[in-house]
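Below: the structure, in structure tokens.
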Amino acid sequence: MAFTLPDLPYAHDALAAGGMSKETLEFHHDKHHKAYVDKLNELVAGTEWEGKSVEDIVTGTYEKGAVAQSGIFNNASQHWNHSQFWEMMGPNPGAMPEKLEKAITDSFGSVDEFKKKFSEAGAGQFGSGWAWLVQNKDGSLEVTKTENGVNPLVNGQTALLGCDVWEHSYYIDFRNARPKYLENFLNKLVNWENVASRMA
Ligand code: FE
């Protein structure tokens, strides 16, 4: 079955008060994410990957250490990344669930220290990519960054939180100020209930 663009879990203007405009979501979800889905369907047609899950395609086509990944990998991973990203945000961020706060404090010393590390990872990613809070197989939490569409699935890690640091994610609302976009994301847009629900 062909891949389809998932609906946003909220209205296009639902995150505007939190600093992500309707215009950003119209471009980012309706155009950029849709383009990844369309291209992925085009590229897998007639190949061994047709009919496979997006996770299987991501882990099966990743070339460790390669200078550049294939078109199938890039479009599959970006489809997966964006599908998670929409779910990881919400119009009512709410408080951080206790088990998540405890795990973050255990791993980073404090929530503020975690936010600092995450922001540094996102701001320090040279060019396009993602900042992540991941859970390792041993249960420990870690902040990572990846280039382009690469994601924690390829390292066998669980993505708890991801932030898109491609320019298309922040240029309309924050222009070139990626650090401000990251700070706003962490303080006004993250759906912490969703992040906590991903923990093993
Ligand atoms: Fe994006």
Side-chain angles (χ1 to χ4, degrees), residues 3-16 18-44 54-55 57-58 61-62 68-91 93 118-134 143-155 157-191 194-195 198:
F3 293 105
T4 53
L5 178 68
D7 287 337
L8 285 175
Y10 31 74
H12 284 78
D13 61 1
L15 303 184
M20 188 172 280
S21 65
K22 181 180 178 204
E23 189 184 1
T24 287
L25 285 173
E26 283 170 350
F27 274 89
H28 200 177
H29 173 270
D30 302 3
K31 296 184 191 295
H32 289 281
H33 188 174
K34 182 174 188 297
Y36 295 129
V37 173
D38 290 347
K39 192 71 187 171
L40 177 61
N41 284 325
E42 186 189 311
L43 291 175
V44 299
V54 65
E55 289 85 359
I57 298 174
V58 168
T61 60
Y62 180 64
Q69 300 295 324
S70 68
I72 290 187
F73 173 85
N74 285 333
N75 286 281
S77 61
Q78 283 290 71
H79 172 37
W80 188 86
N81 292 347
H82 287 83
S83 299
Q84 313 308 311
F85 185 52
W86 312 132
E87 302 281 341
M88 290 163 171
M89 296 187 288
F118 189 94
S119 296
E120 283 171 358
Q125 170 55 35
F126 185 74
S128 298
W130 293 75
W132 303 96
L133 170 67
V134 302
V143 165
T144 67
K145 61 183 179 184
T146 58
E147 59 184 14
N148 299 318
V150 176
N151 65 40
L153 290 176
V154 306
N155 298 318
Q157 297 165 316
T158 301
L160 302 184
L161 178 65
C163 185
D164 188 339
V165 299
W166 287 55
E167 284 186 351
H168 66 222
S169 194
Y170 60 87
Y171 223 83
I172 291 171
D173 299 321
F174 294 90
R175 294 303 170 194
N176 60 327
R178 193 194 282 187
K180 271 200 178 127
Y181 156 76
L182 282 153
E183 182 192 348
N184 183 79
F185 173 80
L186 287 167
N187 292 319
K188 294 186 178 170
L189 288 171
V190 177
N191 177 348
N194 181 273
V195 175
R198 297 166 181 269

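None of these values were measured; they are calculated from a predicted model. Read the numbers this way: they start at 1 and go in the same order the structure lists the ligands and their atoms.
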Worksheet item: Listed by chain and number, what are the side-chain contact (heavy atoms from CB on, under 4.5 Å) partners of Y171, not counting sequence neighbours?
Response: E167, R175, N176
Discussion item. Looking at every non-hydrogen atom in both residues, tell me the closest pair between H29 and L8 and how far apart they are.
Written reply: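 So the two residues come closest at CD2-CD2, 3.5 Å.
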Item to complete: Of all the heavy-atom pairs spanning H79 and V54, show the shortest one and how long it is.
Response: CD2-CG2, 4.0 Å
Item to complete: Take the Fe ion (ligand 1) as the centre and count protein N, O or S atoms at distances under 2.8 Å.
Response: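 Protein heteroatoms (N, O, S) closer than 2.8 Å to the Fe ion (ligand 1) number 4.
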Worksheet entry | Contacts of type side-chain hydrogen bond (donor to acceptor under 3.5 Å, both in side chains), residue S169, not counting sequence neighbours | Y181
Worksheet entry | H82 ring center near W166 ring center (under 6.0 Å) |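 No.
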Practice prompt. Provide the full list of salt bridge (Lys or Arg N to Asp or Glu O under 4.0 Å) pairs with a residue in residues 19-33, sequence neighbours left out, each pair given once.
Written response: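 Listed once each, the pairs are K22-E26.
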